[in-house]
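Report on one structure; see the data block that follows.
First listed ligand is number 1; within each ligand, the first listed atom is number 1.
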Amino acid sequence: MFVLGIETSCDETAAAIVTGPGGTRVLCNIIASQNDLHAEYSGVVPEIASRAHAERILPIVRRAIREAGLHLNRIDAVAVGNRPGLIGSLLVGVAAAKALAWSLGKPVIGVDHVRAHLYAGCLSPVSAGEPAPLPALPALGLVVSGGHTSLYRCTSFLDLQRIGATIDDAVGEAYDKVATILGLPFPGGPNLDRLAATGQTRKPGFPIARIAPDSLQFSFSGLKTAAIYAFRGVPETEQVRARRAARGEKIPPNTLLSAADVAATFQEAAIATVILKVERALDQHPDCRTLLVGGGVSANSLLRARLTELAAKRRLDLRLPRMEYCLDNAAMIAGLGAATLENRNMLGDPLSMTAAPTTSV
Ligand code: KG4
Ligand code: ZN
């Protein structure tokens, strides 16, 4: 079976084709990033994103078919990321997927992008040989992206129960905002990760939100504020400034950290926050011997290192996606779409299937 996947939920226009049991073998994975279009705004502009998807979707699908060395009529089903995301962007992919599936007389299936991130660790390119068998379940799932920071208990890839989520910023969003303040180019997360490698972690570190002793909720807004103040100084009211001036005081320049040290100290605290909650979740769900991880921040160097140590310490089956499947991609959509169709005897969704801005989990 060959499943074509389409992904347009945010600022990547992507198409991929998967095959094999569970759709885990990736024949091609094409991603057209829109980073250059959004860089001058330091963030994704929804209208620009959907226009770019509309221009690029057909050439990207054609390229995927060509790179897989297939003819379009060999495609057995079309999977599309139909939630969550920017509604105008999602609709471009959904319209293309439905039109293609209808014209081929093949099923179309809508795939939740957040669930698909958790499937990304099961994928490998055909060139890598036989993929590892699907992991044992139940699993603990960790999604760390620009829009989500959540923990799930997964009894199957289709049956997830959310057991924790952020109460304010997502971890990727905090990375992006701090990176902007540090003057790093868009997209901030990977640039901050690189800068952190050149800085020193200052003591005491930035705050790690514990929330409550057994809480699985995340919070990154306090950490973000600490990083901004360490770089720019704590804002003062006019009154405080006047009082300081009257006393002839200045903010001692050495209380401000360099961009590299802020990056290193921020990264240490952000990743420690994630690991703390993963450890708590594992303690609360000891039957989960598999750890599924996905989302853009799973590309982070420190997170990958800390998760690898944790998995070795606790003897877990860690499914960390290959770098090419961490950020938004269509291989994960095609893969989970194929697994879902296998499970449903190839029964797709009705053509009335549409896009939704929120996740189903
Ligand atoms: O999964 P994704 O591509 O899109 C969403 O579904 O949100 O994740 C994008 C997020 C962005 O916030 C980006 O800055 C972050 O992932 N990111 C990273 C790294 N690479 C991407 N954050 C930290 N370190 C990285 N190496
Ligand atoms: Zn994503």
Counting backbone and side chain alike, does H148 bring an N/O/S atom below 2.8 Å of the Zn ion (ligand 2)?
no

For the 3.5 Å polar cut-off, considering only N or O atoms, please tell me whether G296 and ligand 1 meet it.
yes

Within one Ile-Leu-Val-Met-Phe-Trp-Tyr cluster: L327 and V171, side-chain cutoff 4.5 Å:
no

In Å and rounded to the nearest 0.5 Å, what is the CG to NZ distance from D169 to K224?
3.5 Å

Which angle, to 10 degrees, forms at the Zn ion (ligand 2) with NE2 of H113 on one side and NE2 of H117 on the other?
90°

Nearest-contact summary for atom 23 (C) of ligand 1 - protein heavy atom, Å:
N300 ND2, 3.5 Å

Please report the C-alpha distance between R314 and D283 in whole Å, then the side-chain angles of each, then the deciding distance to 0.1 Å, and finally whether the side chain to side chain contact (heavy atoms under 4.5 Å, CB included) criterion is met.
CA-CA 10 Å; R314 290 190 178 236; D283 290 341; 2.9 Å; yes

Side-chain donor or acceptor of E279 paired with backbone N/O of L310 under 3.5 Å:
no

What atoms of ligand 1 come closer than 4.0 angstrom to any heavy atom of G147?
7 (O)

Does a sphere of radius 6.0 Å around CZ in R247 hold more than 12 heavy atoms from other residues, nucleotides or ligands, not counting ones at 6.0 Å or beyond?
yes

For atom 25 (C) of ligand 1, the option (of P190, A196, A174) bearing the nearest heavy atom
P190

Is any N or O atom of G188, backbone or side chain, closer than 3.5 Å to an N or O atom of ligand 1?
no

Cluster link L4 to L58, ILVMFWY, side chain under 4.5 Å:
yes

What is the name of the N/O/S atom of D328 that is nearest to the Zn ion (ligand 2)?
OD1

Would you say D193 has any N or O atom under 3.5 Å from an N or O of ligand 1, going by distance alone?
yes

Is it true that H117 lies under 4.0 Å from ligand 1, counting heavy atoms only?
yes

Quick one: look up the protein heavy atom nearest atom 10 (C) of ligand 1 and list residue, atom name and how far away it is.
G146 N, 3.5 Å

Are any of the N/O atoms on P187, whether in the backbone or the side chain, positioned under 3.5 angstrom from an N/O atom of ligand 1?
no

For ligand 1, which atoms have a heavy atom of G172 less than 4.0 angstrom away?
12 (O)

Take atom CZ in R232; do more than 12 heavy atoms of anything else shown fall under 6.0 Å from it?
no

The protein heavy atom nearest to atom 15 (C) of ligand 1 is V297 CG2, 3.9 Å

Closest non-hydrogen atom pair between Y152 and V143, with its separation
CE1-CG2, 3.9 Å

With a 4.0 Å cut-off on heavy atoms, does C10 reach ligand 1?
no

Ring-plane angle category for H113 and H117, please: parallel below 30°, perpendicular beyond 60°, tilted otherwise.
perpendicular

Between E7 and S9, a side-chain donor and acceptor under 3.5 Å
yes

Below 4.0 angstrom from a heavy atom of L327, which ligand 1 atoms are there? Numbered from 1 as shown, please.
3 (O), 21 (C)

What is the nearest protein non-hydrogen atom to atom 12 (O) of ligand 1, stated with its residue, atom name and distance?
D176 OD2, 2.7 Å

Any N/O/S atom, side chain or main chain, of C10 closer to the Zn ion (ligand 2) than 2.8 Å?
no

D328 N/O under 3.5 Å from ligand 1 N/O
yes

Would you check if there is a donor-acceptor pair between the side chains of Q267 and N300 at a distance under 3.5 Å?
yes

Could you identify the single nearest non-hydrogen protein atom to atom 22 (N) of ligand 1 and state the distance to 0.1 Å?
G189 CA, 3.6 Å

Looking at D317 and R319, is any side-chain nitrogen of the basic one under 4.0 Å from a carboxylate oxygen of the acidic one?
yes

If you count every heavy atom of other residues, nucleotides or ligands that lies below 6.0 Å from R241 atom CZ, does the total exceed 12?
yes

With a cutoff of 4.0 Å, is H113 in contact with ligand 1, counting heavy atoms of the residue only?
yes

Using a 3.5 Å cut-off on N or O atoms only, is C326 in polar contact with ligand 1?
no

